[in-house]
There are 2 protein chains.
Amino acid sequence: MTVSKTAEKSAEKAGDGTRGRKDAPEGLPEALQLGELSEQLGYVLKRAQLKVFENFLHCMASLQLTPAQFSVLLLVEKNPGRNQTEIASTLGILRPNFVALLDNLESRDLCARIRSTNDRRSHILVLTDKGKAVLTRAKKLVATKHESRLNELLGQANREALLEMLSKIANEF
Amino acid sequence: MTVSKTAEKSAEKAGDGTRGRKDAPEGLPEALQLGELSEQLGYVLKRAQLKVFENFLHCMASLQLTPAQFSVLLLVEKNPGRNQTEIASTLGILRPNFVALLDNLESRDLCARIRSTNDRRSHILVLTDKGKAVLTRAKKLVATKHESRLNELLGQANREALLEMLSKIANEF
DNA sequence: GATAATTGTTATGGACCATATCAAATATCG
DNA sequence: CGATATTTGATATGGTCCATAACAATTATC
C-alpha cells in the first residue's frame, strides 16, 4: 500500500467525527458531494433507467409483467408469425435466454409456440386471446400511469426530445 | 392453450417462407417492425444505457476500469475520509456487494482502507497515489474518447439538455 | 447423398443484486 | 457503571440476467 502521508492526514482530518460544514447547527450526517459524477452521462443514464424500470414494474404489478415480457408481447403482436430467433435477436436477447422467458409467457397462456409447417425446426410465435387482452390492458396501464407521469415531469415536448436523443444513442453510438 | 383459429391462420400466412414486402426483389430476411416499442421510454433508455456502458468499457480498456469502479474512484477523490457505508450507499451499492468491489481496487493499489481512529469499526477510504494517477488518466480518456463522441452525436446543447432530463428522472421520478 | 448450417434447447459459469447473519466496536439507556 | 441495542465491515447464499458451448432435429448446400 502506498498511501501518501498527506493523503492519510487529510483523510483523518476529514473523517474526524465532526465533519459538518462550517458553522453547521449540529453533527447531522452531511451528504456526500457527487462532483463530476453528476456530469457523467453513463452514471445518470443508469440511475434514470433503474428508476423508470422500477416505476414500470410498480405500474404493472396487477398484470405481473416485466419490461422484458412486455416488450416480447408488443413485438409478437406487431410481428405475428415470426420465430423465436427473430423475436429474440430483435430484442437483443440471446436465444438460450429467450427460452425461459417464453416458457413463462406460455405457461401463463399469454403466448403460444406453433410448429411451423414450412420449417419444422422453428416455432412460430403468436399471442393467445388472453395474451392480446392482457397486452391491451398493459398498454393502457403504461399510458395512463407510466408514460403520463413522465410527461408531467418533463413536458410533452421534452419527453419527445429525450426519446429522440436516446434513440440516436441506441442506434448510432 | 387457447389460440384462436384466426390467430393460427394469420400466423401461418405471415410465416410462410416468402414473407417479403409486396414485390420485394428477393426473399431477403425482412426486418421486424419495432412498432410501439420504439416509443417506450424504458426500452430506448435501456438500449441507450447498454450502448453507453459498452463504449465506456471500450474507452477504458487500457486502464481496465468498469463504470462502477470509475464511479467509486471519482466519489472517493471528491469525498476523502468517508467510510465504506457512506460511499457505497451514495452510489446505490449495498454494503455486502461493495466489499468485493473495494477488494479489487485495493488489490490493484488504487484505493486503500484505513482503520479510523475515531470509530474503529469503520474503514476510511482514500485514493492511493497510483489511484490518483490512474483516475487522472481515466478522466482524460472519458473526456476525449467517450463524452466527446456523445457531443459529436448530439451536439453540446442537446447533450446538456439530455443530462438535465435524465437527472430529473433519476432524482424526481 | 454427404456435409454444413440453422433452430430450439440444455447446461453452465460469470456478473450483478438482495437478504440474512456474524463478530467487533460503539451507542444508548437504565 | 453495565446490559442491551445499534452500527460497520464482512461472509454466505440465492436470485436474476447475460454469455458461451454443446446437442438433437431439421433443413440447406454442394
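Residue numbering restarts at 1 for every chain, and letters A, B, ... go by the order of the sequence lines. Model, not experiment: these values are computed from the prediction.
- If you find the closest nucleotide of DNA chain D to A:Thr66 and to A:Arg121, the one lying nearer the 5' end belongs to A:Thr66.
- Among the nucleotides C:dT9, D:dG9, C:dA25, the one closest to the side chain of A:Val99 is C:dT9.
- Between A:Asp119 atom CG and D:dA24 atom P the separation is 19 Å, expressed in whole Å.
- Nucleotide C:dG8 holds its C1' atom 12 Å from the CD atom of A:Glu106, rounded to whole Å.
- For the pair A:Lys168 and A:Phe173, the NZ or CZ position fails the cation-pi test of under 6.0 Å to the six-membered ring centre and within 45 degrees of the ring normal.
- Under 4.0 angstrom from either OP1 or OP2 of C:dA23 there lies no side-chain N or O belonging to B:Arg120.
- For D:dG9, the OP1/OP2 oxygens have a side-chain nitrogen or oxygen of B:Thr85 closer than 4.0 Å.
- Computed from coordinates, the A:Ile93 CD1 to D:dA19 P distance equals 11 Å when rounded to whole Å.
- A:Arg115 has its CZ atom 14 Å from the P atom of C:dT7, to the nearest Å.
- In this entry the distance linking CD1 of A:Ile114 with P of C:dG8 reads 13 Å, nearest Å.
- In this structure, A:Ile87 places its CD1 atom 10 Å from P of C:dG8, rounding to the nearest Å.
- Looking at heavy atoms from C-beta onward, A:Asn83 lies out of side-chain contact with A:His123 at the 4.5 angstrom threshold.
- At least one side-chain heavy atom of B:Leu65 sits less than 4.5 Å from a side-chain heavy atom of B:Arg108.
- The closest side-chain heavy-atom distance from A:Thr66 to A:Phe56 is not below 4.5 Å.
- In this model, the phosphate group of C:dG8 is not approached by any side-chain N or O of A:Arg95 to a distance below 4.0 Å at OP1 or OP2.
- Within the 4.5 Å cutoff, the side chain of B:Leu34 has no heavy atoms near those of the A:Leu74 side chain.
- DNA chain C is contacted by both A:Asn97 and B:Asn97; A:Asn97 maps to the nucleotide lying nearer its 5′ end (nearest heavy atom per residue).
- For the pair A:Leu94 CG and D:dT16 P, the interatomic distance rounds to 19 Å; values are reported in whole Å.
- Rounded to an integer number of Å, the gap from CG of A:Leu125 to C1' of C:dT9 is 14 Å.
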